Structures are given as C-alpha cells and as structure tokens.
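A quick note: this is a predicted structure, and the numbers were derived from the prediction, not measured. Along the sequence shown, the residues carry numbers beginning at 1.
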Amino acid sequence: MAFPTLNYNLTDKSDVPSALGGQAIQLVRFSKSITTAMLASGVVTALGRLPAGSRIVGGFLEVPDLDSDGSPALAIDIGYSDAEASVDDVDGILDGATTGQAGGLNVTFLTAGVDRQFTYDTNITFTAATAAATAAAGTVVLALFVVLP
C-alpha cells in the first residue's frame with residue numbers, strides 16, 4: 001500500500017482534503033537551505049508556517065555539519081512566532097541543540113514543543129542561539145507530526 005505525499009497549502013484549509021483532517025496525525029516536513037549568514041547568533045529564519053489550531057505531537061530535526069570548526073560552538077533553537085498574537089518564542093520547540101556541530105547528518109528528536117497548540121497561523125523558526133565558530137552552509141529538515149485543525 002502506497003502512502004500519499006502531503007503536498008497541500010496548509011494555511012488554506014479548503015486545500016486540505018477532509019480525509020486528512022479530523023484529528024488525524026500528519027507529517028509536515030520543512031526543508032530550508034541555511035546560509036552561513038543565518039548561522040550568526042540570534043538570526044531568526046522562518047522554516048515554514050502551520051495553520052491556526054495545529055497541535056504538535058512530535059517530530060525531529062535533521063541537521064548537517066553546520067559548524068566545521070575543530071571546536072564547534074553552534075547551538076540551534078527551533079521556535080515559533082505569530083504576528084497576530086504577538087507571540088514569539090525562539091526556543092519553544094527545541095532549545096540549544098548541538099546537533100549541527102558533529103560531522104555528517106545528525107538527528108535530534110523534539111520534546112519541548114510536544115502538545116503545543118497554536119491559536120493563530122504560526123511561523124516555525126530556526127535560530128542560531130550560539131553562533132557557529134566556522135559556519136558551513138547546509139540544508140536543515142524539520143519534520144513535525146501535527147494534528148491539523
């Protein structure tokens with residue numbers, strides 16, 4: 001049995017088939033090319049957007065080696081923001097992960113943001129909490145298990 005690929009505009013609820021709603025858990029995948037400039041301390045980068053009413057039930061972050069220094073310093077935060085409610089929490093989903101320091105592709109499972117439900121359409125963000133000692137560009141993949149509204 002083949003599983004369908006989720007390829008819908010999640011902020012337009014009329015684009016999501018009703019069979020995918022109704023408390024079904026969906027995998028929402030965000031992929032973003034991170035430049036060396038985005039690895040400076042405090043730079044917030046939007047990875048994607050979740051619609052109002054979405055609830056995170058799990059997920060993981062795949063990160064390549066974004067700090068190629070022999071003594072790496074990079075710490076990554078995954079958070080959220082929405083302008084409508086003035087909510088901004090840069091580390092509300094993942095706080096201070098050092099996954100981007102090791103060579104190769106690394107995976108971190110999310111724990112902090114589990115069971116978070118968003119009242120408004122919400123941006124999911126990537127932030128270098130601590131800058132990379134020697135920044136290296138790469139593609140970050142965030143996979144969230146979400147109950148869609």
Side-chain angles (χ1 to χ4, degrees), residues 2-13 15-17 20-21 24-84 87-118 120-149:
F3 292 97
T5 302
L6 181 61
N7 189 19
Y8 305 104
N9 177 357
L10 296 176
T11 57
D12 179 4
K13 293 176 189 74
D15 190 36
V16 180
L20 292 178
I25 295 172
Q26 301 296 315
L27 173 64
V28 179
R29 182 180 181 273
F30 302 115
S31 178
K32 180 78 172 182
S33 293
I34 302 296
T35 65
T36 55
M38 294 172 183
L39 295 171
S41 184
V43 174
V44 178
T45 302
L47 297 177
R49 195 164 175 87
L50 290 176
S54 297
R55 183 170 52 93
I56 297 174
V57 294
F60 59 90
L61 176 68
E62 280 184 7
V63 184
D65 187 359
L66 297 175
D67 191 344
S68 60
D69 195 86
S71 298
L74 179 65
I76 297 168
D77 289 345
I78 301 294
Y80 52 87
S81 67
D82 80 61
E84 297 172 43
V87 174
D88 187 13
D89 189 348
V90 295
D91 61 3
I93 298 173
L94 182 66
D95 185 14
T98 57
T99 358
Q101 293 182 359
L105 186 63
N106 301 281
V107 176
T108 298
F109 290 92
L110 306 180
T111 56
V114 171
D115 214 29
R116 180 155 332 269
Q117 186 164 17
F118 300 108
Y120 297 93
D121 290 349
T122 302
N123 291 316
I124 304 300
T125 61
F126 171 98
T127 306
T130 304
T134 304
T139 300
V140 168
V141 174
L142 177 64
L144 293 175
F145 299 106
V146 178
V147 176
L148 295 175

- Please assess Leu50 against Leu144 for the test side chain to side chain contact (heavy atoms under 4.5 Å, CB included), listing each intermediate value before the final yes or no. CA-CA 10 Å; Leu50 290 176; Leu144 293 175; 4.1 Å; yes

- Looking only at heavy atoms, what is the nearest atom pair of Leu27 and Ala143, with distance? CD1-CB, 3.7 Å

- In this structure, OG1 of Thr125 is separated from CG of Leu47 (nearest 0.5 Å) by 7.0 Å

- Not counting sequence neighbours, which residues clear side chain to side chain contact (heavy atoms under 4.5 Å, CB included) with Thr134? List them please. Asp67, Ser68, Asp69

- Query: Which is it for Thr108 and Thr99 under the side-chain hydrogen bond (donor to acceptor under 3.5 Å, both in side chains) test, yes or no, and what are the steps along the way?
  - Reply: CA-CA 7 Å; Thr108 298; Thr99 358; 2.8 Å; yes

- For residues Leu66 and Val140, determine if any side-chain heavy atom of one lies less than 4.5 Å from a side-chain heavy atom of the other. yes

- Which atoms form the tightest heavy-atom contact between Leu74 and Gln101, and what is the distance? O-NE2, 2.8 Å

- Message: I'd like to know if the side chain of Gln117 reaches the main chain of Ser54, judged simply by a donor and an acceptor atom lying under 3.5 Å from each other, with no hydrogens or angles considered.
- Response: no

- Item | Audit row: Thr127, Asp91, side chain to side chain contact (heavy atoms under 4.5 Å, CB included) steps and yes/no | CA-CA 8 Å; Thr127 306; Asp91 61 3; over 6 Å; no

- Do you know the tightest heavy-atom contact between Ala128 and Ala40? CB-O, 3.6 Å

- Begin with the C-alpha distance, continue with both residues' side-chain angles, and end with the deciding distance and a verdict on side chain to side chain contact (heavy atoms under 4.5 Å, CB included) for Leu142 and Leu110. CA-CA 10 Å; Leu142 177 64; Leu110 306 180; 3.9 Å; yes

- Under 4.5 Å between any side-chain heavy atoms of Ile56 and Phe145, yes or no? no

- Query: Tell me, which pairs form a side-chain hydrogen bond (donor to acceptor under 3.5 Å, both in side chains) where one or both residues lie in residues 32-43, sequence neighbours left out?
  - Reply: none

- Quick one: which of Ile34, Val107, Ile76 gives a side chain to side chain contact (heavy atoms under 4.5 Å, CB included) with Val63? Ile76

- Query: Parallel, tilted or perpendicular for Phe118 and Tyr80, by the 30°/60° rule?
  - Reply: perpendicular

- Note on the structure: Between Val43 and Ala37, the two heavy atoms sitting closest are CG2-O, 3.9 Å

- Task: Using the side chain to side chain contact (heavy atoms under 4.5 Å, CB included) rule, take Phe30 and Leu61 through it: C-alpha gap first, then chi angles, then the decisive distance, then the call.
- Result: CA-CA 10 Å; Phe30 302 115; Leu61 176 68; over 6 Å; no

- Does the Asp77 side chain pair with the main chain of Gly96, one donor and one acceptor, at a distance under 3.5 Å? yes

